[in-house]
Enquirer: 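Before we start, here is the structure in question, set down as structure tokens.
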Amino acid sequence: MTHPATDSRFFREQCYIGGEWRGGAKTIPVTNPATGETIGAVPDFGRTEAREAIDAAAAAFPDWRARTAEERGKVCRAFYEALMDNQQTLGELLTLEQGKPLAEAKGEVAYGAGFFKWFAEEALRVYGDVIPSPWTDKRIIVTKEPVGVVCSITPWNFPNAMIARKAAAALAAGCPIIAKPASQTPYSALAMGVIADEIGLPKGVFSVITGEAAPIGEEFCENPQVKKITFTGSTKVGEELASKAVKTMKRVSMELGGNAPLIIFDDADLDKAVDGAVACKFRNAGQTCVCANRILVQSGIYDAFAEKFAKKVAGLSVGDGLKDGVDQGPLIEEKAVEKVERHIADALSKGAGLQTGGERHKLGGTFFQPTVLTGVTPDMVIAKDETFGPVAPLFKFETEEEAATMANDTEFGLASYLYTNDLGRAWRMMEALEYGMVAINEGILSTPVAPFGGVKESGFGREGSKYGLEDYLNIKYALFGGLGK
Ligand code: NAP
């Protein structure tokens, strides 16, 4: 069954390379995870087409960087407006290929658009420095320049926003960018190609290529014309790309996996903590890098929290994201469901208790029941591995020190959350948590105006905020000598 969004002008089954729409003989089918039906197919391109996109970007770079910041800002603003004007259709397309509830999909389009709006304005603030000179006849200045051609690779869980976070900053800084979306969710990316085309971005400044990840990734990493690789996805693929990119000393940004702790202290506001934990854990069916993967609850509030939380989770409505009132869509693929099942089975076999859920949903396919486990301990697989699904494991702790130690006991360091009404404790924990981001008394923290990114094996680089632009800029130091008479 087709959906009206696939009849819209945003639904493209060709790639946008160097300002041209191009189809290919070989294609990759794209499936709606809610129905298992094929939505369509996109080109299965490889190294040759990636090289062509890079050549076009390199050719476009001199003109794009020479434009005034105001001109580039206007383009970003136009991108923002086009996304927002078409939020409904783009949201529907996103739900069709990714599965998240339409309200979340529209929220993602607005979130992604917000980066274009933010960087439209930040483009005007790429300031340099004048450094007090140690010499009477010389002066020192520092300027910022665009790094050059950028290649991005992004995952399926946020098909619009993961590209927007990168493309908006790159374009504002003066860099052409090529986007390689996840093969499961290419349509939101191709729709951004339609927007780039319609708002009149010069040829080659924004390209979208779909196809086999490994050869395209190799061309991105090995081609000397590419000056920066920006990747969001698994730590394993991130490590591979970073090690390949280092051979030509490219700039690299890595937004990788997480294993977020959400810590609830005895003195927290229980209702707020329950609401925050549900939003944090079950958004996008638990398939976000900043989803709470471990919920650590202090012993005095543990039982009360577990009861209220499980009750609320049991009330979440599961279904096709395009239907009204749905809180949780399907998981992206069968493999994802199997991972969720493995994590639950391991926890139960080691003594965890099942409060709600625990099984595939009666809707079949990749729908899974929102699940809450209690009595979870650090020896269980779920404590170490990102579940990336709708399973909330509750751990118990006694003291603040123990909470910090448990929270930091992972190689990841992306997002973390804590609920407490004690200001001193909130501050101490904020300092103790080895994470790039800490939310206090909130379950959702992403916004274009704040720096998103991790430490440890969650990667490096920041997206959004004034810091996000720096990742696309090189610093140039100029010494003006011979000023003495
Ligand atoms: P993934 O397997 O690493 O895939 C992500 C992207 O990399 C896709 O476009 C994929 O293309 C591509 N890819 C796969 N193998 C590649 C290779 N050998 N060379 C070049 N590109 C390759 O990640 P995933 O499992 O789909 O996504 C979920 C992960 O992303 C989780 O770990 C999550 O925490 C992380 N994530 C992090 C952030 C953040 O901001 N830190 C945000 C969202 C998600 P194909 O689809 O064509 O295979």
Side-chain angles (χ1 to χ4, degrees), residues 27-31 33 42-47 50 97-98 100 108 111-112 115 151-166 178-189 208-222 226 229-245 252-260 283-293 331-333 335-336 339 385-389 410-415 435-437 445-446 450-464 468 471:
T27 56
I28 306 171
V30 184
T31 305
V42 296
D44 186 1
F45 282 153
R47 267 196 104 129
E97 63 180 349
Q98 203 277 338
K100 67 180 66 177
E108 178 182 338
Y111 171 65
F115 285 86
C151 288
S152 85
I153 301 181
T154 46
W156 48 265
N157 61 346
F158 289 93
N160 171 297
M162 294 302 101
I163 296 172
R165 288 206 307 211
K166 301 171 189 308
I178 301 157
K180 194 308 240 174
S183 298
Q184 283 143 319
T185 56
Y187 290 119
S188 295
V208 185
I209 178 170
T210 57
E212 221 181 309
I216 293 175
E218 267 159 32
E219 185 62 31
F220 282 2
C221 291
E222 290 168 13
V226 176
I229 300 289
T230 171
F231 174 73
T232 299
S234 62
T235 296
K236 184 177 153 285
V237 174
E239 281 168 2
E240 255 177 61
L241 292 172
S243 65
K244 284 182 190 152
V252 175
S253 292
M254 291 284 155
E255 298 281 357
L256 308 177
N259 181 1
R283 191 165 61 107
N284 201 8
Q287 303 171 112
T288 91
C289 52
V290 291
C291 268
N293 200 52
L331 299 195
I332 190 72
E333 61 184 353
K335 263 197 322 202
K339 186 175 191 190
D385 250 25
E386 202 182 14
T387 307
F388 237 58
T410 168
E411 67 271 30
F412 297 109
L414 191 59
Y435 286 82
M437 298 175 281
L445 50 59
S446 303
F452 189 104
V455 297
K456 295 163 75 179
E457 289 182 37
S458 291
F460 40 78
R462 291 294 178 269
E463 293 186 333
D471 276 19

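Counting starts at 1 for both ligands and their atoms, following the listed order. The structure presented is a predicted model; accordingly, all values stated were derived computationally and were not measured.
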Enquirer: At their closest point, which heavy atom of Gly211 faces which heavy atom of Ser183, and how far apart are they?
Expert: O-OG, 3.6 Å

Enquirer: Considering only heavy atoms, does Pro181 approach ligand 1 within less than 4.0 Å through its side chain, its backbone, both, or neither?
Expert: backbone

Enquirer: Given Ser234, Gly233, Ser152, which has its nearest heavy atom closest to atom 3 (O) of ligand 1?
Expert: Ser234

Enquirer: Find out whether Lys339 and Thr387 are in side-chain contact, i.e. whether some heavy atom of one side chain is under 4.5 Å from a heavy atom of the other.
Expert: no

Enquirer: Residue-level breakdown please: for Leu414 versus ligand 1, do any non-hydrogen atoms fall below 4.0 Å on the side chain, on the backbone, on both, or on neither?
Expert: side chain

Enquirer: Tell me which one of Lys335, Arg165, Met162, Glu463 gets a heavy atom nearest to atom 40 (O) of ligand 1.
Expert: Arg165

Enquirer: Could you identify the single nearest non-hydrogen protein atom to atom 48 (O) of ligand 1 and state the distance to 0.1 Å?
Expert: Ala213 CB, 3.9 Å

Enquirer: Are any of the side-chain heavy atoms of Phe158 and Asn284 separated by less than 4.5 Å?
Expert: yes

Enquirer: Output, in order, the C-alpha distance, side-chain angles, deciding distance and verdict of side chain to side chain contact (heavy atoms under 4.5 Å, CB included) for Gln287 and Lys100.
Expert: CA-CA 10 Å; Gln287 303 171 112; Lys100 67 180 66 177; over 6 Å; no

Enquirer: Keeping the roles fixed (side chain from Glu97, backbone from Val30), state whether a donor-acceptor pair exists under 3.5 Å.
Expert: no

Enquirer: In terms of residue, atom name and distance, what is the protein heavy atom nearest to atom 25 (O) of ligand 1?
Expert: Trp156 NE1, 4.2 Å

Enquirer: Check each heavy atom of Phe158 against ligand 1 and say whether those closer than 4.0 Å belong to the side chain, the backbone, both or neither.
Expert: neither

Enquirer: Given that the side chain starts at C-beta and the backbone is N, CA, C, O, which of these parts of Glu240 lies under 4.0 Å from ligand 1, counting heavy atoms, or is it both or neither?
Expert: side chain

Enquirer: Contact between ligand 1 and Phe220 is defined here as a heavy atom of the residue under 4.0 Å from a ligand atom; is it met?
Expert: no

Enquirer: Could you name the option among Thr232, Thr210, Val237 that has the heavy atom nearest to atom 5 (C) of ligand 1?
Expert: Thr232

Enquirer: Answer with side chain, backbone, both or neither: which part of Thr154 has a heavy atom less than 4.0 angstrom from an atom of ligand 1?
Expert: backbone

Enquirer: Determine, stepwise, if the pair Arg165 / Thr154 fulfils side chain to side chain contact (heavy atoms under 4.5 Å, CB included).
Expert: CA-CA 10 Å; Arg165 288 206 307 211; Thr154 46; over 6 Å; no

Enquirer: Going by atom types alone, do Lys166 and Thr232 pair a side-chain donor with an acceptor below 3.5 Å?
Expert: yes

Enquirer: Is Lys244 paired with Glu222 through a side-chain N to carboxylate O contact shorter than 4.0 Å?
Expert: no

Enquirer: Considering only the protein, which heavy-atom contact is closest to atom 42 (C) of ligand 1, and what is its distance?
Expert: Cys289 SG, 2.9 Å

Enquirer: Under a 4.5 Å cut-off applied to non-hydrogen side-chain atoms, are Phe388 and Asn157 in contact?
Expert: yes

Enquirer: Give the residue and atom name of whichever protein heavy atom lies nearest to atom 27 (O) of ligand 1, and the separation in Å to one decimal.
Expert: Pro155 CB, 3.6 Å

Enquirer: Enumerate the atoms of ligand 1 whose separation from the nearest heavy atom of Ala182 is less than 4.0 angstrom.
Expert: 8 (C), 9 (O), 46 (O)

Enquirer: Go through Asp471 and Thr230 one step at a time and tell me if the side chain to side chain contact (heavy atoms under 4.5 Å, CB included) criterion holds.
Expert: CA-CA 9 Å; Asp471 276 19; Thr230 171; over 6 Å; no

Enquirer: I need the nearest protein heavy-atom contact for atom 41 (N) of ligand 1: residue, atom name and distance, please.
Expert: Leu256 O, 2.8 Å

Enquirer: Would you check if Pro159 and Glu108 make a side-chain contact, meaning some heavy-atom pair closer than 4.5 Å?
Expert: yes

Enquirer: What are the atoms of ligand 1, with element, lying closer than 4.0 Å to any heavy atom of Gly258?
Expert: 34 (O)

Enquirer: Let me see the working for Cys291 and Glu386 under side chain to side chain contact (heavy atoms under 4.5 Å, CB included), right down to the final yes or no.
Expert: CA-CA 9 Å; Cys291 268; Glu386 202 182 14; over 6 Å; no

Enquirer: For Asn157, counting its heavy atoms only, list the atoms of ligand 1 lying under 4.0 Å from any of them.
Expert: 43 (C), 44 (C)

Enquirer: Right, does atom 21 (N) of ligand 1 have protein non-hydrogen atoms nearer than 4.0 Å?
Expert: yes

Enquirer: Taking the side chain as every heavy atom from C-beta outward, state whether Phe412 and Asn293 have any atom pair closer than 4.5 Å.
Expert: no

Enquirer: Between Glu212 and ligand 1, which part of the residue brings a heavy atom under 4.0 Å of the ligand: side chain, backbone, both or neither?
Expert: neither

Enquirer: Could you identify the single nearest non-hydrogen protein atom to atom 47 (O) of ligand 1 and state the distance to 0.1 Å?
Expert: Ser183 OG, 2.5 Å

Enquirer: For atom 45 (P) of ligand 1, which candidate among Lys180, Glu386, Gln184 holds the nearest heavy atom?
Expert: Lys180

Enquirer: Which atoms of ligand 1 are found less than 4.0 Å from any heavy atom of Ile153?
Expert: 6 (C), 7 (O), 9 (O), 12 (C), 20 (C), 21 (N)

